[in-house]
2 protein chains.
Amino acid sequence: MRAITNPYQCPVTRTMSIIGGKWKPIILNCIGEKSIRFGKLNQLIPAISNKVLSNELKELEELSLIEREEFKELPPRVEYRLTRSGKSLIPLLHELANWGNTNLAKKIEKTIQ
Amino acid sequence: MRAITNPYQCPVTRTMSIIGGKWKPIILNCIGEKSIRFGKLNQLIPAISNKVLSNELKELEELSLIEREEFKELPPRVEYRLTRSGKSLIPLLHELANWGNTNLAKKIEKTIQ
DNA sequence: AATACAAGTAACTTACAGGTAACCAGTTTT
DNA sequence: AAAACTGGTTACCTGTAAGTTACTTGTATT
């Protein structure tokens, strides 16, 4: 039982448990409209380790935000793309980004140092 | 130095560092258009301890999302309300909530269990 | 003289997201 | 026969958000 406090009373927390992680919004945004390979994602987001990337992709797949296609080739090839539900998140991510840009740019610089 | 990876390349992460916590969206939503006292907030959100509530309020104040007014009375009285910037977050929170309701309601039930 | 009230603070603990480094399989290239 | 390629897995470690419990302050009430 995960420690989420009453998801029925806080749908925001529920959504946050999806996109609130450090990497998920970045990954979703990187995939975008493309069909993209594991290695390519790893290149686009160099700061993520392949273990973490692998985990995140697995979780996103479980949540039906992305789908995974495995080609039976050698060396292996796997491609990821957004589902309809995943795509529906993109505009929301953009709004979050916008809000951050217009409301926080300066403030956060101080805070983060 | 906080471990936020390159906020200039991920404004979503930047916004998340504000509202991505467990309690901040709930608190903002509870304050809403009202001017509200510490104790009242604690009643509205019984699951939060006063230490954590106190921390969150302090952080929200530092980010200029809320403002704090202290009345020099006994027993003490302190009121919190949203700033302009804080109010601008509310519609965004609603969209997040909506997305969660329409896209995740059933899925998450399985996952949480 | 004890207790309640509001709005916290202090000290300590815990859970878990995220990080690191090494390793795997099966084929192709050097 | 060693190394490289891809898409991971395994085992282990760490930092920090969040939680718990007890305490404080100055008056008023019982």
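Chain letters run A, B, ... following the sequence lines, proteins first and then strands; every chain starts at 1.
- Atom CG in B/Asn42 sits about 14 Å away from atom C1' in D/dT20, given to the nearest Å.
- Taking atom CG of residue A/Leu57 and atom C1' of nucleotide D/dT9, one finds them 14 Å apart after rounding to whole Å.
- Side-chain atoms of A/Lys51 come within donor-acceptor range of the base of C/dG19, with a qualifying N/O pair under 3.5 Å.
- One can place CG of A/Leu41 at 14 Å from C1' of D/dT6, the figure rounded to the nearest angstrom.
- Checking the phosphate oxygens (OP1, OP2) of D/dG19, a side-chain nitrogen or oxygen of B/Lys22 falls inside 4.0 Å.
- Which of C/dA6, D/dA18, C/dT20 sits closest to the side chain of A/Ser49 comes down to C/dT20.
- For the pair A/Asn55 CG and C/dT20 C1', the interatomic distance rounds to 14 Å; values are reported in whole Å.
- Within the 4.5 Å cutoff, the side chain of B/Thr15 has no heavy atoms near those of the B/Ser17 side chain.
- Contact check, A/Arg77 against C/dG26: no side-chain N or O comes under 4.0 Å of OP1 or OP2.
- Defined by atom type and a distance below 3.5 Å, a donor-acceptor pair is present between the side-chain atoms of B/Ser35 and B/Glu79.
- Distance, A/Ile18 CD1 to C/dA17 C1': 15 Å, rounded to whole Å.
- Here the nucleotide nearest the side chain of B/Arg68, chosen from C/dG19, C/dG8, D/dG8, is C/dG8.
- Backbone-only engagement by B/Lys58 is indicated by non-hydrogen atom pairs under 4.0 Å involving sugar-phosphate atoms exclusively.
- Here A/Arg37 reaches the OP1 or OP2 of D/dG7: one of its side-chain N or O atoms lies under 4.0 Å away.
- Atom CD in B/Glu59 sits about 9 Å away from atom C1' in D/dA17, given to the nearest Å.
- A distance-only check finds no donor-acceptor pair linking the side chain of B/Thr83 to the backbone of B/Glu67 [under 3.5 Å].
- Rounding to whole angstrom units, CD of residue B/Glu56 and C1' of C/dA7 are separated by 16 Å.
- Remark: P of D/dT6 and NZ of A/Lys72 are 18 Å apart, rounded to the nearest angstrom.
- If you check every strand for non-hydrogen atoms under 4.0 Å, B/Phe71 touches nothing.
- An OP1 or OP2 oxygen of C/dT9 is reached within less than 4.0 angstrom by a side-chain nitrogen or oxygen of B/Ser54.
- The shortest non-hydrogen separation linking B/Leu82 to B/Gly32 is CD1-O, 3.2 Å.
- Closest to the side chain of A/Leu74, out of C/dT27, D/dG8, D/dA18, is C/dT27.
- The 5' end of DNA chain C is approached more closely, in terms of each residue's nearest nucleotide, by B/Glu79 than by the other of B/Glu79 and A/Pro75.
- With hydrogens and angles ignored, a donor-acceptor pair closer than 3.5 Å exists between the side chain of A/Asn50 and the base of D/dG8.
- With contacts defined as side-chain heavy-atom distances shorter than 4.5 Å, the pair B/Val78/B/Glu69 does not qualify.
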